[in-house]
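Below is one structure, written out as structure tokens; comments come after it.
Counting starts at 1 for both ligands and their atoms, in listed order. The shown structure was predicted, so the numbers you read here are calculated from the model rather than taken from an experiment. Hydrogens, waters and symmetry mates are skipped; everything else that's a heavy atom, side chains included, is used.
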Amino acid sequence: MIENVIGREILDSRGIPTVEAQIVLQDGTTARASVPSGASTGEFEALELRDQDAGRYLGKGVMKAVHHINHEIKEAIKGMDVSDIYAIDAAMLALDGSEDKIHLGANAILAVSLACAKTAAKAYHLPLYRFIGGINANRMPLPMMNILNGGAHAANTVDIQEFMIMPIGASDFQEGLRWCAEVFQTLKAILKKDGHITAVGDEGGFAPNLKNDEEAIEYILKAIEAAGYQAGSDFALALDAAASEWKSKDNDAYFLPKSKIRYTSEQLIERWEQLVQSYPIISIEDGLDEEDWEGWQELTKRLGKQIQLVGDDLFVTNTKRLSKGIKQHCANAILIKLNQIGSLSETMEAVKMAQEAGYRAIISHRSGESEDTTIADLAVALNTSQIKTGAPSRSERVAKYNQLLRIEEALGEHAICLKEKAVANR
Ligand code: PGA
Ligand code: ZN
């Protein structure tokens, strides 16, 4: 039974405040969870409540959200069974009463929701992935590792936000992680040799000033080869264009701010087709704007049988937007970011809806993260088979990979590994 609920303001990986919640049960069992924060946030995400008090943290404090946890939320869920996550979330959603969690803040609700799940797992003496996923939680996710950053995540000349490697030929998670780390270190050496900066962006990837997106891809392919692997069989590439950032709000055009090129929706689709033809790309995320539903239909018609098309800003982990996308045949996968929707139960509903419709679900971090590793457990618990959590650099990213190493070790011979191809039809 929940005895106490404590909220606190802590810092995320960018040095910006975020919310942590701690639950204490009557018998003293306790656990805490904290929430991440995006930079290229989708327009339709649930509200991240910030204080807007210019005198603290440049207006980005979260003391209002913390206050809601320490008062209204605590009153509402005190005495409840901590393992009844659906009931706890429902009580918080009812208390907030709004569609986008504007009263309590998605950051307050999610922190409590996750802290309850972690406390319940502890109370039952179960690992988190087992508590949430039950006896079927045995599948290790394939990493989708962002090793080169551009777009809104880096002050460089590259428009595509994320260039990711996926170790599709590795036989287990541990091996896949090692391969990725080797390619990452090799990429660093190659960039350095060519006189490029090797400082890292928000998600741990390098952010060199390159001529264009193609040069970024060529560097990664070179690193894969130099590390002793084969692009196409050992590794595949994935991109996150974050194209909502490119869409002009007053006309139909896409404007790529760094290369200063303008595209129509049709021209952008052609550009993706051409990149997929030229390189071993098996996944493109947010290739079009979050409101370009017609464009998404066309993109899915043209590339959806060949590669994975992921809706991040398009779906914002929201079952209403996902069901619209499923009906209209837009995309074939959803990126799952817990704080886009703001509670564990709604996140699980989104994954379930996707999986039932034959869409893939990919559990994801945000560009602003904390040391919390819940998403590693969640990827295994919900059998998502893919996880996107940055480069093998910066401890807030590596913490998730290290947790997955521990989970694979604990699963032992029951672990279902990466042998099964992450992406269908390829
Ligand atoms: P964000 O970016 O966390 O800054 O929104 C990650 C992504 O677009 O996938
Ligand atoms: Zn994205």
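Under 4.0 Å is where a charged nitrogen must lie from a carboxylate oxygen, and between K247 and E43 no such pair does. A salt bridge links R321 and E291; the closest N-O separation between the charged side-chain nitrogens and carboxylate oxygens is under 4.0 Å. For the pair E369 and K400, the salt-bridge criterion is met [side-chain N within less than 4.0 Å of a carboxylate O]. Of the charged side-chain nitrogens involved, at least one lies within less than 4.0 Å of a carboxylate oxygen, so that D240 and K388 count as a salt-bridged pair. A salt bridge does not link K101 with E48: none of the charged nitrogens is closer than 4.0 Å to a carboxylate oxygen.
In this structure, F315 has its ring center no closer than 6.0 Å to that of F44.
Among the backbone and side-chain atoms of D312, an N, O or S atom lies under 2.8 Å from the Zn ion (ligand 2).
Applying the 4.0 Å criterion to heavy atoms of D240 picks out, from ligand 1, the atoms 7 (C), 8 (O), 9 (O). Shown in contact with A39 at under 4.0 Å from a heavy atom are these atoms of ligand 1, numbered in order with element: 1 (P), 4 (O), 5 (O). Of all atoms in ligand 1, numbered sequentially from 1 with element shown, those under 4.0 Å from a heavy atom of E162 are 6 (C), 7 (C), 9 (O). In the vicinity of E285, heavy-atom distances shorter than 4.0 Å reach the ligand 1 atoms 9 (O). For ligand 1, the atoms lying closer than 4.0 Å to a non-hydrogen atom of D312 are 7 (C), 8 (O), 9 (O). Within ligand 1, counting atoms from 1 as listed, the ones closer than 4.0 Å to a heavy atom of G38 are 1 (P), 3 (O), 4 (O), 5 (O). When each atom of ligand 1 is checked for a heavy atom of R366 under 4.0 Å away, the hits are 1 (P), 3 (O), 5 (O).
The closest side-chain heavy-atom distance from Q308 to I284 is not below 4.5 Å.
Residues S265 and E298 bring no donor and acceptor atom of their side chains to less than 3.5 Å of each other.
In this structure, K388 is part of the shell of residues with a heavy atom less than 4.0 angstrom from ligand 1.
At under 3.5 Å, a nitrogen or oxygen of K337, whether backbone or side chain, sits near a nitrogen or oxygen of ligand 1. Between S37 and ligand 1, no N or O atom pair is found at a separation short of 3.5 Å.
Here the protein heavy atom with the shortest distance to atom 3 (O) of ligand 1 is S367 N, 2.8 Å. Closest to atom 8 (O) of ligand 1, if we only count protein heavy atoms, is Q161 NE2, 2.9 Å.
No other N/O/S atom of D240 lies as close to the Zn ion (ligand 2) as OD2 does. Of all N/O/S atoms in E285, OE2 sits nearest the Zn ion (ligand 2).
Among all heavy-atom pairs drawn from I10 and S34, the shortest one is CD1-CB, 3.7 Å.
Neither the backbone nor the side chain of D202 has any atom closer than 4.0 Å to an atom of ligand 1 (non-hydrogen atoms only). At a 4.0 Å heavy-atom cut-off, ligand 1 does not touch A242 at all.
Cation-pi check for K60 over Y57 is not met; the charged atom does not lie both under 6.0 angstrom from the ring centroid and within 45 degrees of its normal.
In this structure, H67 places its NE2 atom where only 12 or fewer heavy-atom neighbours from other residues, nucleotides or ligands lie under 6.0 Å away.
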